[in-house]
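One structure is given below, encoded as structure tokens.
One is the number of the first residue; the rest follow in order along the sequence. FYI, side chains are in, hydrogens and waters are out, and symmetry mates aren't considered; it's all heavy atoms of this structure.
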Amino acid sequence: RGSSPYLAALECFCDNVHLTTVQADGVIFSTPTGSTAYSMAAGGSVVHPAVPAILVTPICPHVLSFRSMVFPDHVVLRCYVPKDARSE
């Protein structure tokens with residue numbers, strides 16, 4: 001985010017399908033084992049370790065309707081900062 005005082009804007013994709021544009025302090029990607037640490041502290045779900053999944057949890061999201069998402073472990077998740085969201 002550079003010297004910009006605004007929230008980070010992140011484009012998130014699942015298997016090259018656009019999911020959402022996240023405006024938040026950041027995003028946590030975690031395994032079920034990691035779901036009980038930072039992800040849970042940020043409001044994410046707790047997932048049993050035997051479940052083959054990946055959790056995506058926003059950190060302090062700007063929109064309260066954006067909650068933690070659970071994906072199967074075989075998908076490809078990608079998040080990036082778009083060029084127009086970067087500071088000079």
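Every residue meeting the side-chain hydrogen bond (donor to acceptor under 3.5 Å, both in side chains) condition with S39, not counting sequence neighbours, appears here in chain and number order: T57.
The two residues P49 and P32 come nearest to each other via the heavy atoms CA-CB, 3.9 Å. Minimum interatomic distance between P82 and E11 (heavy atoms only, all atoms of both residues): CG-CG, 3.7 Å. Counting all heavy atoms, side chain and backbone alike, S68 lies closest to G44 at CB-CA, 3.6 Å. In plain terms, the two heavy atoms of C60 and D25 that are nearest each other are CB-OD2, 3.6 Å.
No more than 12 heavy atoms of other residues, nucleotides or ligands lie within 6.0 Å of OH in Y38, so this atom counts as exposed by the packing criterion.
Cluster membership check: F66 shares its hydrophobic cluster with V81, using side-chain heavy-atom separations under 4.5 Å among Ile, Leu, Val, Met, Phe, Trp and Tyr. Follow the hydrophobic side-chain contacts under 4.5 Å out from V75 and you reach V22 in the same cluster. Linking Ile, Leu, Val, Met, Phe, Trp and Tyr whenever their side-chain heavy atoms come within less than 4.5 Å puts F71 and F29 in one cluster. Hydrophobic cluster membership differs between L10 and I28, with clusters built from Ile, Leu, Val, Met, Phe, Trp and Tyr side chains linked at under 4.5 angstrom.
Tested against M40, the residues V46, V47, L55 include a single side-chain contact (heavy atoms from CB on, under 4.5 Å) partner, V46.
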task = Show your reasoning for whether side chain to side chain contact (heavy atoms under 4.5 Å, CB included) applies to T31 and I54.
result = CA-CA 5 Å; T31 63; I54 302 169; over 6 Å; no
query = Which is it for N16 and V76 under the side chain to side chain contact (heavy atoms under 4.5 Å, CB included) test, yes or no, and what are the steps along the way?
reply = CA-CA 8 Å; N16 289 324; V76 175; over 6 Å; no
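Here the straight-line distance linking atom SG of C14 with atom CE of M69 works out to 8.5 Å at 0.5 Å rounding. Once rounded to the nearest 0.5 Å, the distance linking CZ of F13 with CG of L19 reads 8.5 Å. Interatomic distance, CG of D15 versus CZ of R78, reported as 10.5 Å (0.5 Å rounding).
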